[in-house]
Amino acid sequence: MNLKSVFLWAHRGFSAQAPENTLAAFSLAEAAGADGIELDVHLSREKVPMVIHDETVDRTTDGRGVVADLTVRQLQSLDAGSWFSGQFAAEAIPTLEEVFQWAGDRLRLNLEIKSAAAGKAVLDLLDVYAQVDVLVSSFDHDLLSELHRCSPALPLAFLCDSHFWRRPLKRAIACEARAFHPSVRLVSRPLINAARHAGLAVHAWTVDDPGTARNLLRRGCSGLFTNNPGKLQEIARIGENFLDPSAHARIF
Ligand code: G3P
Ligand code: MG
């Protein structure tokens with residue numbers, strides 16, 4: 001991609017138009033021109049990485065139960081689309097492997113690891129799918145440190161939802177992370193300057209409002225997570241006018 005562009009992540013896919021974390025949401029995100037797709041990973045009972053946000057299937061499927069207690073077969077028999085709209089009744093919870101097969105090397109995937117136990121399974125899968133372009137993130141910074149120890153070249157991003165961002169940033173730097181992913185409410189000049197000084201890109205989550213997006217890009221964010229990549233394309237293009245290419249740091 002063009003180094004001058006703002007990087008637009010489709011948060012859980014094009015989740016404003018399709019059920020989150022489904023292949024339908026990912027296909028729509030690609031069609032809308034997103035640069036990458038953010039998705040969430042939990043493990044099934046057999047320890048297969050599954051793409052779903054919550055610890056349970058209750059909110060986003062027609063079933064009930066804890067993801068880690070259910071087999072892949074049980075998880076994939078659930079309807080993961082009707083809660084959003086009847087038109088998506090055929091959608092299932094994808095395995096991470098299915099998403100890798102779908103994505104190939106066409107667009108970057110941000111794998112947000114939700115359960116610490118999933119780290120090892122994700123590394124094993126990445127050994128098989130070496131062509132997939134990934135950025136691995138988590139709020140669990142101990143897990144990211146462990147992944148860095150096991151796989152020093154794995155591109156990492158540290159998620160941060162706390163006003164005490166200096167310590168997480170320090171850990172991200174120690175792990176040679178590519179990016180820092182703060183909540184939009186945390187983005188400030190000091191945070192951006194500190195991250196960029198250390199060579200990390202700053203990508204903020206989650207923003208659907210064009211005015212907020214513009215402000216974040218002006219402050220120096222080089223990437224955004226949005227549920228609506230279609231709506232933010234225009235802002236991302238405007239952002240190119242004032243984005244300092246060095247803001248991308250080591251991520252590309
Ligand atoms: O990765 C950014 C964002 O997805 C983190 O929060 O709860 O939407 O997974 P959440
Ligand atoms: Mg997420």
Side-chain angles (χ1 to χ4, degrees), residues 6-23 25-26 28-29 34-43 49-61 66-68 80 83-84 93-96 99 103 107-119 122 133-144 147 154-163 165 168-169 171-172 175 177-187 191-192 195 200-209 212-213 216-217 221-229 232 236 251:
V6 171
F7 199 94
L8 216 51
W9 293 104
H11 181 243
R12 311 180 195 175
F14 199 148
S15 53
Q17 267 191 16
E20 65 183 55
N21 283 320
T22 63
L23 289 174
F26 301 157
L28 285 177
D35 299 302
I37 289 171
E38 187 263 2
L39 55 86
D40 305 288
V41 181
H42 282 278
L43 286 186
M50 304 297 297
V51 179
I52 183 167
H53 180 273
D54 298 356
E55 267 180 44
T56 74
V57 298
D58 301 9
R59 181 179 60 88
T60 57
T61 75
V66 174
V67 177
W83 68 274
F84 187 88
I93 300 170
T95 64
L96 184 57
V99 178
L107 73 183
R108 182 167 293 193
L109 299 176
N110 176 193
L111 317 181
E112 186 195 335
I113 304 192
K114 289 291 191 191
S115 86
V122 168
D133 186 7
V134 294
L135 180 66
V136 175
S137 67
S138 184
F139 286 106
D140 183 340
H141 300 161
D142 289 339
L143 170 67
L144 293 177
L147 291 178
L154 184 68
L156 297 177
F158 276 55
L159 275 159
C160 183
D161 195 16
S162 160
H163 284 287
W165 50 264
L169 180 61
R171 294 192 74 179
C175 286
R178 310 291 177 92
F180 200 62
H181 290 175
S183 157
V184 282
R185 67 193 176 80
L186 300 179
V187 175
L191 182 153
I192 294 211
L200 277 77
V202 178
H203 293 182
W205 51 273
T206 302
V207 52
D208 294 337
D209 167 58
T212 308
L216 288 164
L217 298 177
C221 277
S222 55
L224 300 174
F225 290 81
T226 179
N227 300 310
N228 197 334
L232 286 201
I251 194 166

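Counting starts at 1 for both ligands and their atoms, following the listed order.
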For K114, counting its heavy atoms only, list the atoms of ligand 1 lying under 4.0 Å from any of them.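 Answer, ordered by atom number: 7 (O), 9 (O), 10 (P).
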Looking at D40, which atoms of ligand 1 are within less than 4.0 Å of one of its heavy atoms?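 In order of number, 9 (O).
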If only protein N, O or S atoms under 2.8 Å count, total around the Mg ion (ligand 2): 3
How far is [atom] from its nearest protein heavy atom, and which residue and atom is that?
atom	result
atom 4 (O) of ligand 1	E38 OE2, 2.6 Å
atom 7 (O) of ligand 1	H53 NE2, 2.7 Å
atom 3 (C) of ligand 1	H11 NE2, 3.5 Å

Do [X] and [Y] touch side chain to side chain, with heavy atoms closer than 4.5 Å?
X	Y	answer
C160	H181	no
L169	F158	no
E55	V67	no
F26	L107	no

Indicate the atoms forming the closest heavy-atom contact of [X] with [Y], along with that distance.
X	Y	answer
S138	L143	OG-CD2, 4.1 Å
V6	G223	CG1-CA, 4.2 Å
F180	W165	CZ-O, 3.9 Å

Donor-acceptor pair, side chain of H11 and main chain of E38, under 3.5 angstrom: no
Please determine if [X] has a nitrogen or oxygen closer than 3.5 Å to a nitrogen or oxygen of ligand 1.
X	answer
T206	no
R12	yes
E112	yes

Spacing of L23 atom CG and L28 atom CG [to the nearest 0.5 Å]: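 One finds 11.0 Å between CG of L23 and CG of L28.
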Would you call D140 and K114 a salt bridge, using N to O less than 4.0 angstrom?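 No salt bridge links D140 with K114.
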